[in-house]
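Only a predicted model underlies this, so the values are computations on that prediction, with no experimental measurement involved. Remember, it's 1-based here, ligands and their atoms both numbered in the order they're listed.
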Amino acid sequence: MLIAQISDFHISASGVAYGQADTNAALKRAVAHLNALVPAPDAVIITGDVADAGNPDAYAMAARILSDLDAPFWMVPGNHDQRDNLREAFPDHDYLSGQCAEARACFVEDRFPLRLLGLDTLLPGAHSGGVDKRTLVWLESALSDGKPTVVFMHHPPFPVGIGNMDAEPFRLADELEGVIRRFPNVLRVCCGHMHRPVLRGFGGTLACIAPSVSMQLVLDLTQQAPSQFVMEPGGLALHLYEPLGGRPPELVTHFGLIPGGGHEFAGPYPFKDVVSPV
Ligand SMILES: [Fe+2]
């Protein structure tokens, strides 16, 4: 199966975020890109920051654009989202009404060979994220049958070496890592929030962060790194769960860029006349 992960749309009714980023156009490009993928994704997971300011107009716009998406999709909220307005804009997404703890919009989707699990890390009024003890109990219960699972969440529960993001601790990060460590059936922890592709270890598994479909965080690996974005191309993560090379199914993650918005990529060109020098 193929899971596409897209993140951090920051949709506004006006279509422009921070005076620079045409986020509505970026999401439309992402939807067109996903619809053209071969093979087509079996599921699309949105890892938060659907809207920039959590207002109903923005969610109405996002719902309109996402209605063109061919694949079924699920989402978790980010710190720019407002749960009640998100629920109202996506009434078909029952799980947004809260599964894991009061008000938290978590989900478990079991229709595929790989379980998709969404963890709501939104702390209203805060830029940082976290979980609570009831959510951890729910997570343990959801993982206890051993089925291979990917956990999707907005906030990465770990530092990444970019100062302005690392300054915000994730609530109950150590406790969450302890739960993940106890369940080797968690094949990946997939986050957003960082607006950059990132990989690292977490709780004995591999964690990844998908880029934004619109603007990216400046790649500044200093503790003084300010919060700034650049209009690098939008991107996505593709998580492939297939038996490859005669081996049992393994989860392989690819990162891709979304063309358009001033970013056009020349090619493809064939590799030819390639030899192995002796
Ligand atoms: Fe974001």
What pairs with His263 under side chain to side chain donor-acceptor pair (under 3.5 Å), at least two apart in sequence or on another chain?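 For His263, no residue satisfies side chain to side chain donor-acceptor pair (under 3.5 Å) once neighbours in sequence are set aside.
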Kindly say whether Met75 contributes a backbone atom to a donor-acceptor pair with the side chain of Tyr95 at under 3.5 angstrom?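 Here the side-chain-to-backbone pair exists.
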Listing by chain and number, what protein N/O/S atoms are under 2.8 Å from the Fe ion (ligand 1)?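 Checking every protein N, O and S atom gives Asp8 OD1, His10 NE2, Asp49 OD2, His195 NE2.
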Applying salt bridge (charged side-chain N to carboxylate O under 4.0 Å, His left out), name anything that partners Arg247, two or more places apart in sequence or on another chain.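 Checked Arg247 against salt bridge (charged side-chain N to carboxylate O under 4.0 Å, His left out); zero matches.
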Mind jotting down which residue pairs meet the salt bridge (Lys or Arg N to Asp or Glu O under 4.0 Å) criterion with at least one end in residues 112-134? Sequence neighbours excluded, please.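 Of all non-adjacent pairs touching residues 112-134, those that pass salt bridge (Lys or Arg N to Asp or Glu O under 4.0 Å) are Arg83-Asp120, Arg104-Asp132, Asp110-Arg115, Arg115-Asp145.
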Is any side-chain heavy atom of Pro211 closer than 4.5 Å to one of Arg196?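 No; the side chains remain at least 4.5 Å from each other.
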Any side-chain heavy atom of Tyr241 sitting closer than 4.5 Å to one from Ile3?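 The answer is no; the side chains never approach within 4.5 Å.
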